[in-house]
Visitor: 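This is the structure I want to talk about, given as structure tokens.
Starting from 1, each residue takes its place in the sequence as its number. Just so you know, these numbers come straight off a predicted model, no measurement behind them.
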Amino acid sequence: MSAYLLLAAAIVSEVFAEAMMKLSNGFEKKVPIIGIAIGYLIAFYLMAQTLNELPLGFVYAVWTGAGVALTAIIGAIVWNEGFNAKKAIGIAAIIVGVVFLKIGV
């Protein structure tokens, strides 16, 4: 499987784990804790696999940047946490930073 697809799956798994963390209500609800553990295990395993083909700096930047962006979007959509111009600019800045890492600027 392509390293980029593995990285995308790692990001989705990490965002899933973050959503489960929100649903756990500070670890008061026990069932979402299983989702947290599974999500992070899958995310870290897949991220480690991508490192066989892609550079660490790029992988980590994409993983964290996309994770932050998707988590912010999901928070806005699912939990009505708000989304404004400042958040959009922040997400755009993350994307620009990742592009610069990829092209080596």
Visitor: Got a second to check how far Glu14's CD is from Ile42's CD1, nearest 0.5 Å?
Guide: 13.0 Å

Visitor: Is it possible for you to say whether Leu41 and Tyr60 belong to one hydrophobic cluster, with membership spreading through side-chain heavy-atom contacts below 4.5 Å?
Guide: no

Visitor: Between Val59 and Met47, is the side-chain contact (heavy atoms from CB on, under 4.5 Å) condition met? List the steps.
Guide: CA-CA 8 Å; Val59 169; Met47 185 177 159; 3.8 Å; yes

Visitor: Once side-chain hydrogen bond (donor to acceptor under 3.5 Å, both in side chains) is applied, what residue pairs with a partner in residues 67-89 remain, sequence neighbours excluded?
Guide: Lys22-Glu81

Visitor: side-chain hydrogen bond (donor to acceptor under 3.5 Å, both in side chains): which pairs involve residues 34-55, sequence neighbours left out?
Guide: Glu18-Tyr40

Visitor: Side-chain contact, heavy-atom cut-off 4.5 Å: Phe16 with Ile74?
Guide: no

Visitor: State the CG-CG distance between Leu56 and Leu51, to the nearest 0.5 angstrom.
Guide: 5.5 Å

Visitor: Assigning hydrophobic clusters by single linkage (Ile, Leu, Val, Met, Phe, Trp, Tyr; side-chain heavy-atom cutoff under 4.5 Å), is Leu23 placed with Phe27?
Guide: yes

Visitor: Kindly compute the distance separating CH2 (Trp63) from CG (Leu54), expressed to the nearest 0.5 Å.
Guide: 15.0 Å

Visitor: Measuring from atom CD1 of Ile34 to atom OG of Ser24, what distance do you get when rounded to the nearest 0.5 angstrom?
Guide: 12.0 Å

Visitor: As an exercise, state the distance from CE of Met20 to CD1 of Ile33, rounded to the nearest 0.5 Å.
Guide: 12.0 Å

Visitor: State yes or no: do Met21 and Phe44 share one hydrophobic cluster built from I, L, V, M, F, W and Y residues joined by side-chain heavy-atom distances below 4.5 Å, directly or via other members?
Guide: yes

Visitor: Are the side chains of Val62 and Tyr4 in touch, meaning some heavy atoms are under 4.5 Å apart?
Guide: no

Visitor: Starting from the C-alpha separation in whole Å, work towards a yes-or-no answer on side-chain contact (heavy atoms from CB on, under 4.5 Å) for Phe83 and Ile77.
Guide: CA-CA 9 Å; Phe83 195 86; Ile77 293 170; over 6 Å; no

Visitor: Quick one: does Leu70's side chain get under 4.5 Å of Ile11's, heavy atoms only?
Guide: yes

Visitor: For Ala69 and Ile91, work out which heavy atoms get closest and say how close.
Guide: CB-CG2, 3.8 Å

